[in-house]
Enquirer: 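I am attaching a structure below and will ask some questions about it afterwards.
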Amino acid sequence: MEKKQELKKNLGMSTAMATVVGCVIGSGVFFKPQAIYTATGGAPGLGMLAWLITGLVCIAAAMTFAEVAIMIPKTGGMVVYLEEAFGKKVGFLAGWMQSILFYPAMIAALAVIFAEQATLFVGEGLQLPMAIGAIIVVIILNNLGSAVGGAVQIVFTICKLIPLILLMVFGFIRGSGANPIFTPMVGEGLNPAIILGQLMIAILFAFEGWTNVGAIAGEMKNPGKDLPIAIVGGVSAIMAVYFVINLAYLWVLPADQLMNLSAPASAVAIAIFGDVGGKIISVGIMISVLGAANGFILSGSRVTYSLAEDGTLPFSKTLARINKAQVPTNSIFLVGGLACLYAISGQFNRLTDLAVFACWIFYTLTFFAVIRLRKTMPDVERSYKVPLYPVIPAIAIISGMYVILNQLLMAGSTTRMLAIGSIVLTLIGLPIYNVTTRKKA
């Protein structure tokens, strides 16, 4: 009998934490203030409050998610958790959505914003080749092995902290501090309850990535010990950083100016350091964005690999192949190749909204899974249990439902069509699952 291929267990807590922080601190904190203050009508108050609210939601989500991630420390992450709780079909749909929509769209969005930032140095007209080139770079890096991909992720994470720290420190030193920060809450005639849902979708993109470490749990040396620290500790630290840096932005430029800037962090950097200093900070921002794309392709390819190993994807044998560096090379190429196709759209905000909405449907199901597995598998050892059960899971579930229903019912026709489109793309997985499982039988 042929021995089953296995991924090496060579990822430690430093790489896990770097995957969380590296995937999360990417383009969102540097580019989403425009979308946030556009939604609030140029008013800063609800925008700042939304960073805290969304951060707390993500901490509750991470604390909940961590229980099932540690209980089932297998490569594939959310796919495996939902299979255990709700059956193989639901797990497959989660993995299908991640493989063909979420991860490729997120990588494409990051590549698009990387290319837009690069126009400061290479001029207009080269955005598409720059975006696709960025994706090709992270594909190559990840084909060199998970240890190389993990080491690169640590380097990217260290590099991206530099512009963050400089903007936070010098924003307060050189900014006037005269701009409004917490008032008014929203512009005249806007409904805060509806606007908050739009802000949360934008900010959830900035927090996206906290679950990715769960997808590589099968390659971690000690997931029971390392995952809680990596997920919960990472998200808590990120929330504090996000709030402070957005405070620093407003210390330098008012919200009604930030709403009109496609690269608000670069504009703040130029206001603080001048043109040359602003461009240096922009290089750091580009490294940050590339690091996030690297983290997403590292985790996303493992989801595809997990489905392929199970034989539920078309061309599963090809996608489950592992190269000499013991990484799923064809799964990396699939996720990266789809990202290249999506990058052709050049639509940063639409790609991120599409991806975030789709994934939060399954995140919310995963929060339900924690409660379900407590009932169906009460005797399984849990080295970590979500604190204040069932209060924390309930907060995560209610928050997830609010985000989903807001996008479907209250946020306008364009947003509704994007949400429905992501559901349709996800449901296409059902006939594919039926065909592949029949072939297996």
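The shown structure was predicted, so the numbers you read here are calculated from the model rather than taken from an experiment.
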Enquirer: Is T304 close to P328 at the side-chain level, that is, under 4.5 Å between some pair of heavy atoms?
Expert: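 Side chain of P328 against side chain of T304, heavy atoms only: no contact under 4.5 Å found.
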Enquirer: Between L261 and Q34, is there a side-chain heavy-atom distance shorter than 4.5 Å?
Expert: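 Contact flag for Q34/L261 side chains = no.
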Enquirer: Is any side-chain heavy atom of N246 less than 4.5 Å from a side-chain heavy atom of V29?
Expert: yes
Enquirer: Is the closest side-chain heavy-atom distance between V403 and T364 below 4.5 Å?
Expert: no
Enquirer: Could you check whether any side-chain heavy atom of V241 comes within less than 4.5 Å of a side-chain heavy atom of M168, counting everything from C-beta outward?
Expert: yes
Enquirer: May I ask you to decide if Y37's main-chain N or O and T40's side chain share a donor-acceptor pair within less than 3.5 Å?
Expert: yes
Enquirer: So do the side chains of F172 and V244 get within less than 4.5 Å of each other, counting heavy atoms only?
Expert: yes
Enquirer: What pair of heavy atoms forms the shortest contact from P184 to A43, and how long is it?
Expert: O-CB, 3.4 Å
Enquirer: Return the minimal non-hydrogen interatomic distance between N349 and T352, and the atom names on each side.
Expert: O-OG1, 2.9 Å
Enquirer: Enter the distance from M97:CE to M78:CE here, rounded to the nearest 0.5 Å.
Expert: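 The distance works out to 4.5 Å.
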Enquirer: Test: ring pair (Phe, Tyr, Trp, His ring centres under 6.0 Å). Region: residues 268-294. Which pairs qualify, not counting sequence neighbours?
Expert: F170-F273
Enquirer: Under the 3.5 angstrom rule, does the side chain of S301 hit a backbone N or O of L298 as a donor-acceptor pair?
Expert: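 Such a contact is found between S301 side chain and L298 backbone.
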Enquirer: Let me confirm one number: the OG1-OH distance from T64 to Y389, rounded to the nearest 0.5 Å.
Expert: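 So the gap between those two atoms works out to 10.0 Å.
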Enquirer: Is the ring pair Y363/W360 parallel, tilted or perpendicular, if the boundaries are 30 and 60 degrees?
Expert: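 Rings of Y363 and W360: perpendicular, as their planes differ by over 60°.
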Enquirer: Can you check whether W96 reaches L313 side chain to side chain, under 4.5 Å on heavy atoms?
Expert: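 In short, these two side chains touch, coming nearer than 4.5 Å.
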Enquirer: Anything under 3.5 Å between a donor and an acceptor, one on a side chain of residues 329-340, the other on a protein residue two or more places apart or in another chain? List them.
Expert:
unit_1: T329; atom_1: OG1; unit_2: N143; atom_2: OD1; d: 2.4
unit_1: N330; atom_1: ND2; unit_2: T318; atom_2: O; d: 2.7
unit_1: S331; atom_1: OG; unit_2: Y305; atom_2: N; d: 3.4
unit_1: S331; atom_1: OG; unit_2: L319; atom_2: O; d: 2.8

Enquirer: Go through F348 and F205 one step at a time and tell me if the ring-ring contact (aromatic ring centres under 6.0 Å, His included) criterion holds.
Expert: CA-CA 11 Å; F348 171 66; F205 167 72; 5.5 Å; yes
Enquirer: Looking at CD1 of I36 and CD1 of I203, how far apart are the two atoms once the value is rounded to the nearest 0.5 Å?
Expert: 4.0 Å
Enquirer: Given 3.5 Å as the limit, does a donor-acceptor pair link the side chain of S288 with the main chain of G284, or not?
Expert: no
Enquirer: Tell me the closest heavy-atom pair linking A94 and V79, and the distance in Å.
Expert: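 Heavy atoms only, the tightest pair is C-CG2, 4.3 Å.
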Enquirer: Show the nearest heavy-atom pair for residues L250 and A255, with the distance to one decimal.
Expert: CD2-N, 3.7 Å
Enquirer: If you look at every heavy atom in L190 and A39, which pair is closest and at what distance?
Expert: CD1-O, 3.6 Å
Enquirer: Kindly list each side-chain donor-acceptor pair under 3.5 angstrom involving residues 104-122, sequence neighbours excluded, with atom names and distances?
Expert:
unit_1: Q117; atom_1: NE2; unit_2: S266; atom_2: OG; d: 2.4
unit_1: Q117; atom_1: NE2; unit_2: S282; atom_2: OG; d: 3.2
unit_1: T119; atom_1: OG1; unit_2: E116; atom_2: O; d: 2.5

Enquirer: State which residues pass side chain to side chain contact (heavy atoms under 4.5 Å, CB included) with V68; sequence neighbours excluded, sorted by chain then number.
Expert: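 Residues passing side chain to side chain contact (heavy atoms under 4.5 Å, CB included) with V68: I72, Y81, T366, V370, L373.
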Enquirer: Can you check whether A206's main-chain N or O pairs, donor with acceptor, with E208's side chain at less than 3.5 Å?
Expert: no
Enquirer: Might you point out which heavy atoms bring G175 and V252 nearest each other, and give the distance in Å?
Expert: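 Closest approach of G175 to V252: CA-CG2, 4.0 Å.
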Enquirer: Can you tell me if W251 has over 12 outside heavy atoms packed within less than 6.0 Å of its CH2?
Expert: no
Enquirer: Just to verify, what does F182 make a side chain to side chain contact (heavy atoms under 4.5 Å, CB included) with, not counting sequence neighbours?
Expert: M48, F243, L247
Enquirer: Please round to the nearest 0.5 Å and tell me the distance separating atom CG of L418 and atom CG of L408.
Expert: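 L418 CG to L408 CG: 11.0 Å, rounded to 0.5 Å.
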Enquirer: Measure the CD1-CG distance between I285 and L164 for me, rounded to the nearest 0.5 Å.
Expert: 8.5 Å
Enquirer: Using the salt bridge (Lys or Arg N to Asp or Glu O under 4.0 Å) criterion, which residues pair with R382? Sequence neighbours excluded.
Expert: E67
Enquirer: Okay, side chain of N406, backbone of Y402: is any donor-acceptor separation there less than 3.5 Å?
Expert: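 Here the side-chain-to-backbone pair does not exist.
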Enquirer: Contact between V283 and I280 at the side-chain level, heavy atoms closer than 4.5 Å - yes or no?
Expert: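 No, side chains not in contact.
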Enquirer: If only atom types and distance count, is the side chain of N323 paired as donor or acceptor with the main-chain N or O of V327 below 3.5 Å?
Expert: yes
